[in-house]
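Some notes on the structure that comes next.
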Amino acid sequence: MANEVQQFDVVIIGGGPGGYAAALYGAAAGLNVALIERDKVGGTCLHRGCVPAKEFLETAHVRRTIEHASAFGIGTGEVSVDFSVSQARKNDVVDKLHKGLSGLLKGRKVTIFEGTARLDADQVVRIVDGADAGVEAKGTNVILAAGSVPRTLPGFDVDGTIVLTSDEFLDLDTLPSSAAVIGGGAIGCEFASMLSDMGASVTILEGLPTILAGCDSEVVSVVQRSFKKRGIDVRAGVNVTGHTPKKGSTAVHVEGGEDVVVDVVVLAVGRRPRSEGLLGDGTGVEVNERGFIVANSSMRTANPNVYAIGDIVANTPQLAHVGFAEAIVAIKTILGEPVVPVDYDRVPWAIYSNPEVAFVGLTEAAAKERGYDVVVKKDPFGGNSRAQIIGETEGVVKIIAEKRADGTAGQILGVHMAGPWVTEQLGAGYYAVNWEATAEEAAALIQPHPSLSETFGETLLALSGRGLHVG
Ligand code: FAD
């Protein structure tokens, strides 16, 4: 006998940040929502991404703090590391958040199905395996939020011992004493920074001419200088061709260069969409040549009753908070409410390496490429009293504004930060860029003293024509 098709206002495939945000927001608006997840709600971000990675970076931060404790007159003895404790703590943090999220979804009466789902014609979603295999759910609207998985590289078979992606790396109980991190983007730099701060010897191998491509060049310089000082070997503009394992280590082959011999290779070469098997026949959804789903600014796919959000969407940043924002856009569109599309040029970016990086809006180079005449000001953290107090003075705040006809700074186009706790300071810059504030308007607002955020305030004052410390 055929299964009865269950009817919902919205059926969501994938319970990561995009999918669970859509479920919570839709249910809060009174929609009858089903969420289908093949693994655990929370997705990559909670189980294999943002949260575990930041927990390990915090472990590295604690170790750094202890190592510098003597500067404050505090004796600690030799620092020892039992990484399995950090791994257990990470799992505990993840479990608590997972329980909290599951409880929230239940509280909002979201129907959760377990298994792998496929969208067929007429918005019918079939669960093809897992605990709820055989269930069929029809949504007046369907949201595709199946996310992404790590990319791999030819010549590097992932075995979980010598060659790891972020998935395996975040499950390690002991840390390697040496590693080659292939890919110097946000994830690669976070892993390299963490490993180095935990005592490993690290080489970053990056194919592009620089690490952190897409970040403002000044910010990249801060990170590069710090990495160099700490002994991280950054090799940019190189092509890796494969590796040859030897007893307990492996030699990574670099085209035209010397091998890099390390304990493990960590692949951080981007993420591909998890779209295989997601779409049956006749869905009307367009998929691009790389497997990403094409959606418009309302997050609608080529089928007006099917939406896509999160990492699976073509040509959008793969960030958890972008998935949250897209979820809200999709649900509001479904509700027929007015909606402000996500402005992808002005989303906040945060990289939790040591030093941290945070930015929003155009880099100086991108602003010039777009034809803007710009005024640029920067202020290093060295002169900031709080930075001196905490003993972390590396870094800079750089702000780019449009130059007015009279040469003064007008609308703020970009805010770029590298240094202590900048990921927690970006909020003010985010508002300034997205509220399209001018330099004077933002500079008139007060920053508390002594605080790291005074460097942002001081840069704004300088941009508006008269800085207290910066010319
Ligand atoms: P995902 O989180 O990938 O979730 C998709 C879910 O769908 C998964 O749970 C999957 O099991 C499920 N699924 C897939 N296919 C099906 C199917 N057919 N049926 C049922 N279920 C299915 N972003 C940040 O903003 N900040 C950070 O600091 C940050 N750090 C990161 C660090 C690392 C190491 C990594 C790997 C990523 C990081 N990210 C970070 C990126 C962030 O994790 C992703 O952007 C985010 O998780 C994407 O959310 P999503 O909902 O689109 O997809």
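Computed from a prediction, not measured in an experiment: that's the story for all the values here. All ligand and atom numbering here is 1-based and tracks the order in the structure. Any value given below was found using the heavy atoms of this structure, including those in side chains, with hydrogens, waters and symmetry copies removed.
Between Arg89 and Glu55 there is a salt bridge, since at least one side-chain N of the basic residue sits less than 4.0 Å from a carboxylate O of the acidic one. In summary, Lys54 and Glu58 do not engage in a salt bridge, as defined by a charged side-chain N under 4.0 Å from a carboxylate O. Using a 4.0 Å cut-off between charged side-chain N and carboxylate O, Arg230 and Asp197 make a salt bridge. Taking 4.0 Å as the cut-off between side-chain N and carboxylate O, Lys99 and Asp95 do not count as a salt-bridged pair. With respect to the salt-bridge test (charged N to carboxylate O, under 4.0 angstrom), the residues Lys90 and Asp171 qualify. A salt bridge between Lys378 and Asp216 is absent, with no side-chain N of the basic residue lying under 4.0 Å from a carboxylate O of the acidic one.
Atom 24 (C) of ligand 1 has as its closest protein heavy atom Ala320 N, 3.5 Å. Here the protein heavy atom with the shortest distance to atom 30 (N) of ligand 1 is Lys54 NZ, 3.0 Å. Of the protein's heavy atoms, Gly14 CA, 3.2 Å lies nearest to atom 7 (O) of ligand 1. In terms of protein heavy-atom proximity, atom 53 (O) of ligand 1 is nearest to Gly147 CA, 3.1 Å. Among protein heavy atoms, atom 8 (C) of ligand 1 sits closest to Glu37 OE1, 3.5 Å. Ala117 N, 2.8 Å is the protein heavy atom nearest to atom 19 (N) of ligand 1. Nearest protein neighbour of atom 52 (O) of ligand 1, counting heavy atoms only, is Asp311 N, 2.8 Å. The nearest protein atom to atom 2 (O) of ligand 1, hydrogens excluded, is given as Thr44 N, 2.9 Å; this is a heavy-atom distance.
For atom 34 (C) of ligand 1, the nearest non-hydrogen atom from the set Phe169, Phe191, Phe113 comes from Phe191. The residue from Cys50, Cys45, Ala21 that puts a heavy atom closest to atom 39 (N) of ligand 1 is Cys50.
Within ligand 1, counting atoms from 1 as listed, the ones closer than 4.0 Å to a heavy atom of Gly18 are 51 (O). For ligand 1, the atoms sitting less than 4.0 Å from at least one non-hydrogen atom of Gly15 are 6 (C), 7 (O), numbered in the order shown with element in parentheses. Under a 4.0 Å criterion applied to the non-hydrogen atoms of Ile36, ligand 1 contributes the atoms 20 (C), 21 (N). Set against the non-hydrogen atoms of Gln318, the atoms of ligand 1 under 4.0 Å away are 41 (C), 45 (O). Short contacts between ligand 1 and Leu319, defined as distances under 4.0 Å to a heavy atom of the residue, involve ligand atoms 23 (N), 24 (C), 25 (O), 45 (O). Close contacts of ligand 1 with Gly310, meaning ligand atoms under 4.0 Å from a residue heavy atom, involve 52 (O). Ligand-side atoms of ligand 1 in range of Gly115: 19 (N), 20 (C), range being under 4.0 angstrom from any heavy atom. Numbered from 1 in the order shown, with element, the atoms of ligand 1 that lie under 4.0 Å from a heavy atom of His321 read 25 (O).
Atom CZ of Arg386 has 12 or fewer heavy atoms from other residues, nucleotides or ligands within 6.0 Å. Within a 6.0 Å sphere centred on CG of Asn288, other residues, nucleotides and ligands contribute more than 12 heavy atoms. Around CG of Asn315, the count of heavy atoms belonging to other residues, nucleotides or ligands within 6.0 Å does not exceed 12.
Contacts between Ile13 and ligand 1 below 4.0 angstrom, taking non-hydrogen atoms only, involve the side chain exclusively. Under 4.0 angstrom from ligand 1, the non-hydrogen atoms of Ile187 all belong to its side chain.
Residue Tyr352 has no nitrogen or oxygen atom sitting less than 3.5 Å from a nitrogen or oxygen atom of ligand 1, judged on distance alone. Residue Pro17 places at least one N or O, backbone or side chain, under 3.5 Å from an N or O of ligand 1. Of the polar atoms of Arg48, none of the N or O atoms is found under 3.5 Å from an N or O of ligand 1, judged by distance alone. For ligand 1, the polar-atom distance check finds no N/O of Gly49 at less than 3.5 Å from any of the ligand's N/O atoms. Checked by distance only, ligand 1 and Ser166 stay at 3.5 Å or farther apart across all their nitrogen or oxygen atoms. Where the criterion is an N or O separation shorter than 3.5 Å, residue side chain and backbone included, Glu190 fails it with respect to ligand 1.
The ring of Phe83 has its center closer than 6.0 angstrom to the ring center of Phe56.
Rounding to the nearest 0.5 Å gives a distance of 6.5 Å between CD of Gln7 and NZ of Lys138. Distance CZ/Phe156 to OG1/Thr250: 8.0 Å, rounded to 0.5 Å. His68 contributes atom NE2, which lies 9.0 Å from atom CD of Glu392 (distance to the nearest 0.5 angstrom).
Distances from ligand 1 to the non-hydrogen atoms of Thr116 include at least one value under 4.0 Å. The shell of residues lying under 4.0 angstrom from ligand 1, judged by heavy atoms, includes Arg271. Residue Gly323 places every heavy atom at 4.0 Å or more from ligand 1. Using a 4.0 angstrom heavy-atom cutoff, Ala268 does not count as in contact with ligand 1. A heavy-atom separation below 4.0 Å is not found between Arg118 and ligand 1.
In this model, no donor atom of one side chain and acceptor atom of the other lie less than 3.5 Å apart for Ser193 and Glu190.
Closest approach of Gly26 and Val33 over heavy atoms only: C-CG2, 4.1 Å. In plain terms, the two heavy atoms of Ala121 and Thr283 that are nearest each other are N-CG2, 4.4 Å.
With hydrogens and angles disregarded, a donor-acceptor distance shorter than 3.5 Å links the side chain of Arg271 to the backbone of Ser148.
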Next on the checklist: Does Thr116 form a side-chain hydrogen bond (donor to acceptor under 3.5 Å, both in side chains) with Asp129? I'd like the steps, not just the answer.
Outcome noted: CA-CA 5 Å; Thr116 304; Asp129 67 21; 2.7 Å; yes
